[in-house]
Asker: 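My questions all concern the structure below.
Keep in mind that what you see is a predicted model, and the values were worked out from it rather than measured. First listed ligand is number 1; within each ligand, the first listed atom is number 1.
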Amino acid sequence: MQDIAVQAQASTQITYGLVEVRDLTVRFGDRQKTTILDKINFTVEPGSFVCLLGPSGCGKSTVLNSIAGFVNPTDGAILVDKQAVTKPGADRGFVFQQYSLLPWKTTFQNVEFGLRIKGIPKAKRRELVGEYLNRVGLYNRRDSYPHQLSGGMKQRASIVRALINSPSVLLMDEPFSALDAQTRHMMQELLMEIWHEFKTTVIFVTHDIEEAVFLGDRILVMGVNPGHIKEDIVIDLQRPRHIDDTLTPEFIQISRRVLATIREETLRSMESS
Ligand SMILES: Nc1ncnc2c1ncn2[C@@H]1O[C@H](COP(=O)(O)OP(=O)(O)O)[C@@H](O)[C@H]1O
Ligand SMILES: [Mg+2]
């Protein structure tokens with residue numbers, strides 16, 4: 001089967017959102033004795049959706065945080081659109097597992113935040129925030145505070161808060177893992193639609209095989225001790241994908257293959273913990 005995402009990409013000529021990770025090495029601890037990541041190398045093509053999958057503790061968040069500029073690598077380099085990453089920047093949007101909305105601001109104010117910092121005039125801000133909230137079905141909740149929103153609503157607000165700044169890359173760290181199964185499926189489908197619309201590169205961290213196969217063009221399976229890329233698997237399932245597709249033989253076949261790769265690593269990580 002042809003890679004649909006690659007075709008879509010070629011036709012729309014996405015030119016931003018190239019991520020290059022070169023020999024990324026991260027050591028923590030006393031005199032940097034503990035090697036967390038060892039010479040990680042991968043490239044994410046503009047506009048593609050890549051999942052970083054691996055057992056807990058293998059270093060997924062450390063990879064993502066390095067791309068975000070929250071962690072300074074001990075060695076190696078990260079380039080986003082050929083620019084070396086040295087600190088966090090507006091070209092990289094981030095959605096965390098924990099809801100990261102400011103509790104004292106309304107949904108509207110939370111989403112508006114980045115635009116205010118950029119100095120976008122009030123009328124334009126109002127228009128843009130309205131459009132984005134509408135897109136994810138939150139317009140009617142614009143004056144609610146985070147504690148008045150469900151988990152799914154909070155993550156929808158977090159996603160548009162990141163996207164409204166037009167990042168080249170959207171970095172997502174297990175954003176749906178705290179949600180119940182139904183809400184999680186709904187959010188996965190919504191994310192697919194949004195990604196298709198905005199054409200932003202997405203790097204999505206998860207430990208859930210089904211989620212990775214459902215969402216990704218590619219899955220980078222990470223191994224443990226120290227963290228490394230064990231396998232790079234292309235997911236050539238047709239798009240758009242719907243949650244029912246997770247029951248098809250093709251889907252199950254790919255999931256099995258990923259499971260076989262990851263099982264070994266999960267056992268290794270359990271043995272060492
Ligand atoms: N700031 C830090 N200082 C020391 N060790 C850390 C730090 N951040 C993460 N680690 C360690 O690095 C390893 C990988 O962590 P992490 O990237 O969070 O894994 P994952 O996201 O795959 O669960 C873990 O053993 C964790 O304890
Ligand atoms: Mg993590």
Side-chain angles (χ1 to χ4, degrees), residues 19-42 44 49-78 80 85-88 92-101 151 154-155 158-159 162 169-179 184 187-188 191 201-216 218-233 255 258-273:
V19 180
E20 296 165 283
V21 175
R22 297 288 169 254
D23 289 332
L24 172 64
T25 300
V26 174
R27 295 192 194 98
F28 285 135
D30 189 24
R31 281 182 276 155
Q32 304 198 325
K33 266 195 197 137
T34 317
T35 303
I36 306 293
L37 302 176
D38 188 35
K39 292 199 172 170
I40 292 212
N41 281 286
F42 63 88
V44 177
F49 198 121
V50 171
C51 292
L52 212 50
L53 178 75
S56 186
C58 72
K60 303 182 293 297
S61 295
T62 307
V63 173
L64 211 65
N65 289 338
S66 302
I67 299 171
F70 302 146
V71 163
N72 285 322
T74 312
D75 213 342
I78 292 164
V80 173
V85 167
T86 53
K87 57 181 194 301
R92 284 149 289 142
F94 207 104
V95 180
F96 299 88
Q97 176 183 355
Q98 295 305 327
Y99 312 124
S100 48
L101 302 173
K154 279 189 258 200
Q155 282 312 55
S158 303
I159 292 169
V169 188
L170 185 59
L171 304 168
M172 306 183 84
D173 194 351
E174 311 215 24
F176 307 148
S177 59
L179 304 176
R184 189 161 64 233
M187 291 297 297
Q188 288 165 347
L191 177 61
T201 302
V202 179
I203 306 180
F204 188 104
V205 162
T206 180
H207 61 262
D208 184 312
I209 294 173
E210 187 190 89
E211 182 167 67
V213 176
F214 181 67
L215 294 173
R218 260 167 81 204
I219 301 179
L220 302 175
V221 182
M222 283 186 69
V224 296
N225 296 332
H228 60 282
I229 304 291
K230 189 179 162 84
E231 221 175 306
D232 185 343
I233 300 173
S255 302
V258 179
L259 178 66
T261 310
I262 207 173
R263 179 176 281 152
E264 199 180 311
E265 289 311 312
T266 309
L267 287 173
R268 283 185 59 193
S269 75
M270 284 165 81
E271 277 160 13
S272 63
S273 63

Asker: Ignoring hydrogens, what is the shortest heavy-atom contact between F204 and E211? Give both atom names and the distance.
Answerer: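 Closest heavy-atom pair between F204 and E211: CE2-OE1, 3.4 Å.
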Asker: At what distance is the nearest protein heavy atom to atom 8 (N) of ligand 1, and which residue and atom is it?
Answerer: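 Result: F28 CE1, 3.3 Å.
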Asker: When the ring planes of F70 and F96 are compared, do they come out parallel, tilted or perpendicular, using 30° and 60° as the limits?
Answerer: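 The rings of F70 and F96 lie parallel, inter-plane angle below 30°.
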Asker: Could a heavy atom of G57 be found less than 4.0 Å from some atom of ligand 1?
Answerer: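 G57 counts as a contact of ligand 1 under the 4.0 Å cut-off.
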Asker: Have a look at Q155 and tell me which of V95, L101, L191 forms a side-chain contact (heavy atoms from CB on, under 4.5 Å) with it.
Answerer: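 In the set V95, L101, L191, the residue that makes a side-chain contact (heavy atoms from CB on, under 4.5 Å) with Q155 is V95.
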Asker: Given the protein's heavy atoms, is any one of them under 4.0 Å from atom 26 (C) of ligand 1?
Answerer: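 No, because not a single protein heavy atom sits under 4.0 Å from atom 26 (C) of ligand 1.
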Asker: Could you pull out, from G59, P55, G29, the option with a heavy atom nearest to atom 19 (O) of ligand 1?
Answerer: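 Shortest heavy-atom distance from atom 19 (O) of ligand 1: G59.
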Asker: Looking at G227 and I40, what are the two nearest heavy atoms and their distance?
Answerer: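 Reported closest heavy-atom pair: O-CD1, 3.8 Å.
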Asker: Please verify whether a non-hydrogen atom of G54 lies at under 4.0 Å from ligand 1.
Answerer: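 Judged by the 4.0 Å heavy-atom criterion, G54 does not count as contacting ligand 1.
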Asker: Classify the contact between T62 and ligand 1 as side chain, backbone, both or neither, using a heavy-atom distance cut-off of under 4.0 Å.
Answerer: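 The answer is both.
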Asker: Between C58 and ligand 1, does any nitrogen or oxygen pair lie at a separation below 3.5 Å?
Answerer: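 Checking ligand 1 against C58, an N or O pair does fall under 3.5 Å apart.
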Asker: Return the residue, atom name and 0.1 Å-rounded distance of the protein heavy atom closest to atom 12 (O) of ligand 1.
Answerer: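 Protein heavy atom with the smallest distance to atom 12 (O) of ligand 1: I36 CD1, 3.2 Å.
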Asker: Can you tell me if, anywhere in S61, an N/O/S atom lies at a distance from the Mg ion (ligand 2) that is smaller than 2.8 Å?
Answerer: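 S61 does place an N, O or S atom closer than 2.8 Å to the Mg ion (ligand 2).
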Asker: Considering heavy atoms of the protein only, find what lies nearest to atom 18 (O) of ligand 1 and give residue, atom and distance to 0.1 Å.
Answerer: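 So the nearest neighbour among protein heavy atoms is S61 CB, 3.7 Å.
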Asker: Knowing that exactly one of L215, I203, I159 qualifies, which makes a side-chain contact (heavy atoms from CB on, under 4.5 Å) with M172?
Answerer: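 By the side-chain contact (heavy atoms from CB on, under 4.5 Å) criterion, M172 pairs with just one of L215, I203, I159: I159.
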Asker: Of all the heavy-atom pairs spanning K60 and L52, show the shortest one and how long it is.
Answerer: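 Closest approach of K60 to L52: CD-O, 3.7 Å.
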Asker: Consider side-chain contact (heavy atoms from CB on, under 4.5 Å). Of T25, D75, I229, which one does K39 pass it with?
Answerer: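 The residue from T25, D75, I229 that satisfies side-chain contact (heavy atoms from CB on, under 4.5 Å) with K39 turns out to be T25.
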